[in-house]
Amino acid sequence: QVQLVESGGGLVQPGGSLRLSCANSARTSGTRPMGWFRQAPGKERDFVAAISRTGSATFYALSVKGRFIISRDGAKNTGYLQMNSLKPDDTAVYYCAVRESFSGNAYYTNSDDYHYWGQGTQVTVSS
């Protein structure tokens with residue numbers, strides 16, 4: 001059974017950086033596509049970034065492209081979201097997700113494409 005645990009959230013000033021981690025308890029999860037989503041108060045859950053099972057293909061929402069970097073460490077069964085140049089609009093609860101099945105080296109941007117979700121970690125960007 002896949003269990004995802006996010007960490008690394010917190011309070012940061014505008015322009016600052018944070019790195020989120022997503023640890024996966026399942027031994028095979030390191031070979032599954034992974035994504036990060038976020039949900040701000042009163043808003044729907046939005047796509048942030050996705051990475052393929054091999055880590056060679058990535059995709060970003062336009063709002064974070066050039067500022068965020070998604071990566072994974074297969075040996076540690078952990079995914080990461082490096083967030084730089086943070087803005088107040090980035091304030092949200094961030095969730096990682098893993099898809100059980102996959103096609104080739106695809107990445108997935110729709111929340112309905114994912115089967116397992118973490119509990120979320122709060123990121124607050126404020127001065």
Side-chain angles (χ1 to χ4, degrees):
Q1 181 70 19
V2 173
Q3 289 187 322
L4 305 177
V5 179
E6 299 106 335
S7 61
L11 173 64
V12 63
Q13 292 186 342
S17 297
L18 283 175
R19 188 177 81 156
L20 305 183
S21 298
C22 176
N24 194 323
S25 62
R27 190 172 300 177
T28 59
S29 64
T31 62
R32 299 296 190 264
M34 176 179 287
W36 286 91
F37 293 77
R38 66 186 182 186
Q39 187 168 20
K43 296 186 178 181
E44 295 184 350
R45 187 173 298 186
D46 291 331
F47 167 77
V48 175
I51 190 167
S52 65
R53 57 183 293 269
T54 67
S56 63
T58 59
F59 189 79
Y60 298 90
L62 286 176
S63 59
V64 306
K65 191 173 183 179
R67 300 188 297 122
F68 291 11
I69 300 172
I70 188 172
S71 62
R72 66 190 311 159
D73 185 333
K76 296 181 178 180
N77 226 13
T78 300
Y80 304 97
L81 184 68
Q82 177 67 43
M83 305 186 296
N84 302 318
S85 302
L86 283 162
K87 306 174 182 179
D89 284 349
D90 294 318
T91 295
V93 177
Y94 283 72
Y95 300 88
C96 66
V98 167
R99 178 178 169 87
E100 179 63 33
S101 60
F102 55 87
S103 174
N105 197 37
Y107 51 75
Y108 299 84
T109 63
N110 193 317
S111 60
D112 291 340
D113 291 329
Y114 290 91
H115 302 95
Y116 305 103
W117 292 82
Q119 82 288 353
T121 185
Q122 176 70 47
V123 171
T124 303
V125 185
S126 175
S127 56

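Heads up: numbering here begins at 1 and tracks the sequence. Scope of the values below: all heavy atoms of this structure, side chains included, with no hydrogens, waters or symmetry mates.
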With sequence neighbours excluded, what pairs up with [X] under the side-chain hydrogen bond (donor to acceptor under 3.5 Å, both in side chains) test?
| X | answer |
| --- | --- |
| N84 | S17, Q82 |
| S101 | R99 |
| N105 | S52, T54, S56 |
| Q39 | none |

With sequence neighbours left out, write down each residue that passes side-chain contact (heavy atoms from CB on, under 4.5 Å) with [X], or none if nothing qualifies.
| X | result |
| --- | --- |
| V93 | Y95, Q122 |
| S126 | L11, T124 |
| A23 | T78 |

Give the minimum heavy-atom separation between A40 and A92, together with the two atoms involved.
N-CB, 3.8 Å
If I compare all heavy atoms of Q119 with all of L4, which pair ends up nearest, and what's the gap?
OE1-O, 3.5 Å
Suppose the criterion is disulfide (SG to SG under 2.5 Å): which pairs have a residue in [range], not counting sequence neighbours?
| range | result |
| --- | --- |
| residues 37-127 | C22-C96 |
| residues 35-84 | none |
| residues 37-82 | none |

With sequence neighbours excluded, residues passing salt bridge (charged side-chain N to carboxylate O under 4.0 Å, His left out) with R67
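Listed in chain order: D90.
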Can any side-chain N or O of R38 pair as donor or acceptor with the backbone N or O of D46 at less than 3.5 Å?
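Flag not set: sc R38 to bb D46 has no pair under 3.5 Å.
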Would you confirm whether T91, through its side chain, and V125, through its main-chain N or O, come within 3.5 Å as a donor-acceptor pair?
yes
Nearest 0.5 angstrom please: [X] [atom1] to [Y] [atom2], how far?
| X | Y | atom1 | atom2 | answer |
| --- | --- | --- | --- | --- |
| T58 | K65 | OG1 | NZ | 9.0 Å |
| L20 | W36 | CG | CH2 | 4.5 Å |
| N24 | R32 | CG | CZ | 9.5 Å |

According to the ring-ring contact (aromatic ring centres under 6.0 Å, His included) rule, which pairs have a member within residues 47-80, sequence neighbours left out?
F37-F47, F59-Y107
